[in-house]
Amino acid sequence: MTLSFADFATNLTYDDLPEAVLQVLRRSFTDTMGVAAIGSTTEMSEAAYKGACAMFGVTHTGRARVMMRGTELSPAGAAMANAFTVDSVDAHDGTSPCKGHAGSAIFPALMAVADAEASLGRPVDGKTFAMLLALSYEVSYRAGLAQHATCADYHTSGAWTAVGVAVGVARMLGLSKEQIRHAAGIAEYHGPRSQMMRCIDFPTMLRDGVGWGAPTGVTAAYLAQAGFTGAPALTCEGEDEAPFWEDLGTAWRLVEDTHYKPYPCCRWAHPSVDAVADLMRDHNLHHSQVASVDIKTFHNATRLAGHAPATLDEFAYGIAFPVATMIVRRQIGVPELTNETLQDPDIQRISQATTLIDDPHYTKISVGKRWAEVSMTLSDGRVITADPRTPRGDTDMPLSDQEISEKFHLFADPVVGKPRADKIETLTSGFDTLTSAEFSQLCTACLSTV
C-alpha cells in the first residue's frame, strides 16, 4: 500500500532515517554553509538582504537571524534573505533528475524557523532538525519530479521546494496531518512558477527561484496554522503524479539523487569544465597553446550565456567562460568570482574561441544526467579530445568527504575566519547528535554577523 505524503510527513521520526540519509544531510549542511559564507559577500545577497529588511520585520512568530549577518527579521524574511544568499553562488547541492536544487531553499527556511522557535523558548535539537531536513528534501524531490512530468514548462526549483519547505515547517510547528496537507497546497498554489530557461537565456539575480520558494513555503505553514486552507497539492496528491510517491517511506530520493558541485557555476557546464581540466593536466599544456575549444552537449546547455559575461550572474549561467577560466586559471574558486576575472584577456580569448554544438545524441541521453564531449585544437594544429562524460559529484562519481571539506574551507575561511569555519564544520558534520543547546550554538555560528 502506498504511504500518503501526509502520513509520511506526520509520522516520520529520526529513528526512521537510514544512515545513508544522515550522511547526505551532514554533507549538505556543511556544504551549504560554505556557500552561504561566500554568498553573503555578493551584490545579490546584499540587495536581497536590504529588500527583506524593508519588508519583513520581526513579528509575533519569533526573531529569525539572517545568515552571516545576525539581523533579526520574521521567519519568512530571514528565509528569503538566506535563500537568496545561498543561491547567489551557484555551488550548492542539487538533484539532476529534477534539474534543480533543494538545499538552497530548505536550509535557509528551516534554520530561520528553528531560530525563531528558539527565540520563543521552543528550541529544536539535532535529531529533530535531521528529521525535518529529510522530510523537506524527500517531499521537494518527489514534488519536483511530479511537476516536471506533468507541466510543459521547466520551472525553477523555487516552485517545488516551496512545497517541501511548507511541509517541513508545518511539522516543526506541530501542525496536524490535515493542516500539513493545506500547507503543501498553499505553497504549491502560490509558489514561484518561474521560467528557468528565461534565466538561462537572460541571466540575472533571479537565479533558481528559491529566494521566493523558501519564504512562500514558510508563509504557507503559518497560514495553515492560522486555519487557511489550500489542499490538495497536486504534485503530492494528484492522480497523474501518484507514480512518484509509490515508494515513499521505503526508498529515499535524496540519497539516490543528491549531487555536490566542485565548481560555482551551472551544473550543465561541469562535464566540460572537468574535461578541459583533465586535458590541460594530461597533456601538460599552457593556456597559450589552446587555439579553440569545441563542446558537443545537450540542447538546453547550448542556450547558456557565457562567451562574454558582463556580470557574475552571466558567468554562473555559462559554459564557454567557465571552461576558458579553467583552462587559464586551472581552477574556478573564490578568486574567480570577481569582476576582474570577467576582464581577463586570456580567458576572454579562449571563451570567444569556444563553440557549443547542439548534439541530438547527447540531448537524447541527458535525462537525469548531463553529457558533454570536449575537443581542443592547439596552436600547432593538433586536436585532442576527452571522452564523453557526465559531471563529477553525482552519485556515480561522488566527491569525497575531503573534497567537500576543502570546498567548504575554500569558501568559508576568507569570510568568517578559519576558527569559526572549523567550528561550523565540526558542528554541521555531526549536527544530528546535538542537544537543543548545542544546536543553538550551531545556529549562532552560522547566523551571526561576520
Side-chain angles (χ1 to χ4, degrees), residues 31 34-35 38 89-92 94 96 259-298 301-302 304 306-307 309 312 315-338 341-342 344 346-357 359 362 366 369-380 382-400 402-411:
D31 190 65
V35 178
I38 188 63
V89 174
D90 200 351
H92 34 80
S96 292
H259 69 238
Y260 297 95
K261 303 174 74 170
Y263 314 119
C265 59
C266 181
R267 189 69 171 165
W268 298 353
H270 283 217
S272 302
V273 173
D274 286 335
V276 297
D278 288 351
L279 289 173
M280 295 296 291
R281 182 196 63 236
D282 294 346
H283 294 270
N284 194 26
L285 297 172
H286 187 266
H287 62 79
S288 62
Q289 296 173 265
V290 178
S292 64
V293 182
D294 286 342
I295 300 172
K296 293 181 180 178
T297 189
F298 57 99
T302 64
L304 286 167
H307 285 87
L312 293 177
F315 178 99
Y317 286 117
I319 293 182
F321 205 86
V323 162
T325 301
M326 176 58 74
I327 290 172
V328 174
R329 301 282 184 89
R330 299 298 182 99
Q331 68 172 24
I332 307 177
V334 174
E336 284 65 53
L337 298 179
T338 65
T341 301
L342 305 181
D344 186 312
D346 294 319
I347 299 175
Q348 289 177 333
R349 177 187 70 82
I350 295 176
S351 181
Q352 293 294 345
T354 297
T355 301
L356 273 59
I357 302 167
D359 187 278
Y362 292 133
S366 290
K369 301 292 288 184
R370 306 292 171 259
W371 283 92
E373 178 184 346
V374 176
S375 62
M376 291 170 42
T377 300
L378 305 183
S379 54
D380 62 7
R382 286 182 296 151
V383 176
I384 56 176
T385 301
D387 291 336
R389 66 181 65 200
T390 56
R392 286 190 305 120
D394 284 353
T395 52
D396 58 346
M397 290 186 288
L399 299 185
S400 67
Q402 181 62 33
E403 288 175 306
I404 294 289
S405 177
E406 290 172 355
K407 174 188 167 186
F408 167 78
H409 284 285
L410 178 69
F411 286 169

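Keep in mind that this is a model prediction, so the values were computed, not measured. Counting begins at 1 with the first residue of the sequence. Side chains included, hydrogens not; waters and symmetry mates left out as well; all remaining heavy atoms used.
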Practice problem: Check whether any side-chain N or O of Ser375 sits under 3.5 Å from a backbone N or O of Thr385 as a donor-acceptor pair, and report yes or no. | Solution: no
Quiz item: Can you tell me how far CZ of Phe408 sits from CG of Asp31, rounded to the nearest 0.5 angstrom?
Solution: 9.5 Å
Exercise. Please say which of Val374, Thr377, Leu285 ends up in a side-chain contact (heavy atoms from CB on, under 4.5 Å) with Ile384.
Key: Leu285
Quiz item: Looking at CZ of Arg349 and OG of Ser288, how far apart are the two atoms once the value is rounded to the nearest 0.5 Å?
Solution: 7.5 Å
Self-check item: Heavy-atom closest pair, residues Met397 and Pro391
Solution: CE-O, 3.3 Å
Quiz prompt | Student check: side-chain heavy atoms of Arg370 and His270 closer than 4.5 Å | solution = no
Self-check item: Distance, nearest 0.5 Å, that separates CD1 of Ile319 from OG of Ser272
Solution: 5.0 Å
Quiz item: Taking only residues two or more places apart in sequence, or in another chain, which ones meet Gln348 in a side chain to side chain donor-acceptor pair (under 3.5 Å)?
Solution: none
Quiz item: So, does Lys296 use its side chain to make a donor-acceptor pair with the main chain of Tyr362 at under 3.5 Å?
Solution: no
Quiz item: Shortest non-hydrogen contact from Glu403 to Leu399?
Solution: OE1-CA, 3.2 Å
Quiz item: Which distance, rounded to the nearest 0.5 Å, do you find between the CD1 of Ile332 and the CG of Leu337?
Solution: 9.0 Å
Practice problem: Check whether the side chains of Ser351 and Thr354 place a donor and an acceptor atom closer than 3.5 Å, and report yes or no. | Solution: no
Quiz item: Which value, rounded to the nearest 0.5 Å, describes the distance between Gln289 atom CD and Arg382 atom CZ?
Solution: 7.0 Å
Quiz item: Which residues satisfy the side chain to side chain contact (heavy atoms under 4.5 Å, CB included) test with Asp387, sequence neighbours excluded?
Solution: none
Quiz item: Which atoms form the tightest heavy-atom contact between Ala291 and Ala353, and what is the distance?
Solution: O-CB, 3.4 Å
Quiz prompt | Trace of the side-chain contact (heavy atoms from CB on, under 4.5 Å) decision for Phe315 with Thr325 | solution = CA-CA 10 Å; Phe315 178 99; Thr325 301; 3.7 Å; yes
Quiz item: Looking only at heavy atoms, which two atoms of Phe298 and Trp371 are closest? And how far apart?
Solution: CD2-O, 3.6 Å
Exercise. Please name the pair of heavy atoms, one in Pro398 and one in Thr395, separated by the smallest distance, quoted to 0.1 Å.
Key: CD-O, 3.5 Å
Practice problem: Start with the C-alpha gap between Ile357 and Glu373, add the side-chain angles, then the distance that decides, and say whether side-chain contact (heavy atoms from CB on, under 4.5 Å) holds. | Solution: CA-CA 10 Å; Ile357 302 167; Glu373 178 184 346; over 6 Å; no
Self-check item: side-chain contact (heavy atoms from CB on, under 4.5 Å) between Met326 and Met280, intermediate numbers included
Solution: CA-CA 9 Å; Met326 176 58 74; Met280 295 296 291; over 6 Å; no
Quiz prompt | Working for side-chain contact (heavy atoms from CB on, under 4.5 Å), residues Asp396 and Thr390 | solution = CA-CA 10 Å; Asp396 58 346; Thr390 56; 4.2 Å; yes
Quiz prompt | For His287, side chain to side chain contact (heavy atoms under 4.5 Å, CB included) partners two or more places apart | solution = Ile327, Val328, Asp346, Ile350
Exercise. Taking all heavy atoms of Ala372 and all of Thr297, pick out the closest pair and write down the distance.
Key: CB-OG1, 4.0 Å
Self-check item: Sequence-distant partners of Asp394, salt bridge (charged side-chain N to carboxylate O under 4.0 Å, His left out), two or more places apart
Solution: Arg267, Lys369
Quiz item: In terms of heavy-atom contacts, does NZ of Lys407 have more than 12 from other residues, nucleotides or ligands at under 6.0 Å?
Solution: yes
Quiz prompt | Listed partners of Asp274 passing side chain to side chain contact (heavy atoms under 4.5 Å, CB included), at least two apart | solution = Tyr263, Arg389, Arg392
Practice problem: Tell me, please, which residues at least two apart from Leu410 pass side chain to side chain contact (heavy atoms under 4.5 Å, CB included). | Solution: Val334
Self-check item: Separation between CG of Leu356 and CG of Leu304, rounded to the nearest 0.5 Å
Solution: 7.5 Å
